[in-house]
Each structure stands twice: as C-alpha cells, then as structure tokens.
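Reviewing the structure listed below.
Along the sequence shown, the residues carry numbers beginning at 1. Values below: every heavy atom of this structure, side chains too, minus hydrogens, waters and symmetry copies. Remember, it's 1-based here, ligands and their atoms both numbered in the order they're listed.
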Amino acid sequence: MRVGIGYDIHALKAGRRLVLGGVLIPYRQGLAGHSDGDVLYHAIVDAILGAAGEGDIGDFFPDTDLRYQGANSHLFIKKALEILKKKKLKLTHLDSIILAEAPKLSAVKKKIKENVARVLGLELSHVGVKAKTHEGFGAVGKKQAIACQVVVSLEPLKGK
Ligand code: MG
C-alpha cells in the first residue's frame, strides 16, 4: 500500500468565486489563485502525486503557465488520475480536513464529500471530508485564508 499527503492554502479575496472540492459555495469572498483556487482539489492532487511518487502539482501545472489561468481545478484531478492509471495504481481511500473560519461549511460538507467521491470514483464510505475552524488563530482564523489537508492511500491495480 502507498500513502500520500497533500496540503494547500489560498487567500480569501473579494470578487472571486468560492469553490471547494468542485462545489460552488455562496460566500462574499472566494479563493485567490492562478486557477480557480480550489484548495481541496489542489491538496488532493498533491496527495495523489505524492503517493504515486510523482512530484507535486507545481511540476505539472506551474502557476506561471498562462494556460492554467482561471483553470477549473478538475483538470488537475483528471491529470492525477491519468498518472495513476498509467502507473497501474488505484486510489482506495481519501481523508481530508478543510480549515476555514468562514464560511461555515457544515451545510455543504456532505455535498463536497459526494462530489469528491464521484470525481475520484470512490465509494462514499472511502471518502472523509471534515471541516474545522482555526479557533481564531493565524490567517485562517482571521478569515483571510482557507487551508486543506489530505491523505490518500493507493493500491496496485489487480490483474496487470
Ligand atoms: Mg493551490
């Protein structure tokens, strides 16, 4: 079995859409970034790449590359899954923590989990999406940013 860890943080900014795990969340601010700023997707991609022994999201999608300006981060997930397929690896489990002081995510947590399970082809019982505040500490606690932590496990595809 292989495991991978991913982390990301993006600043909250007015005039941006807030997208977490591919789900559009109504809020007065969104996440800044070269792409759509989906921190959960970015942390998932890094966790998958790490478990596959394939570097990080910046190696594949540099933020200096104009092609990825405003990009839907689903593109990055698709690329990570392609790499798994090529390496004959299979995603078996994902757990995640979204660290956000605001907005409150309890009402959308389930929707995010369902979407993450769908895009990764995992059963709901193999996806964890937890939301926590930062108790007022640091940039997340001051509502200036949202961060995510992700772990994944991979197994070799059977019957190769
Ligand atoms: Mg990012």
Heavy atoms, side chains only, cut-off 4.5 Å: are Ile97 and Cys148 in contact? no
Who passes ring-ring contact (aromatic ring centres under 6.0 Å, His included) against Tyr27, sequence neighbours left out? none
Testing the basics here: between Val150 and Ser96, what is the closest heavy-atom pair and its distance to 0.1 Å? CG2-CB, 3.8 Å
Near the Mg ion (ligand 1) (under 2.8 Å) - protein N, O or S atoms: Asp8 OD2, His10 NE2, His42 ND1
Hey, could you give me each pair passing ring pair (Phe, Tyr, Trp, His ring centres under 6.0 Å) that has a residue in residues 78-132? Not counting sequence neighbours. His93-His126
Which pairs pass ring pair (Phe, Tyr, Trp, His ring centres under 6.0 Å) with one or both residues in residues 3-24, sequence neighbours excluded? His10-His42
Would you kindly say whether Tyr68 and Asp36 are connected by a side-chain donor-acceptor distance under 3.5 Å? no
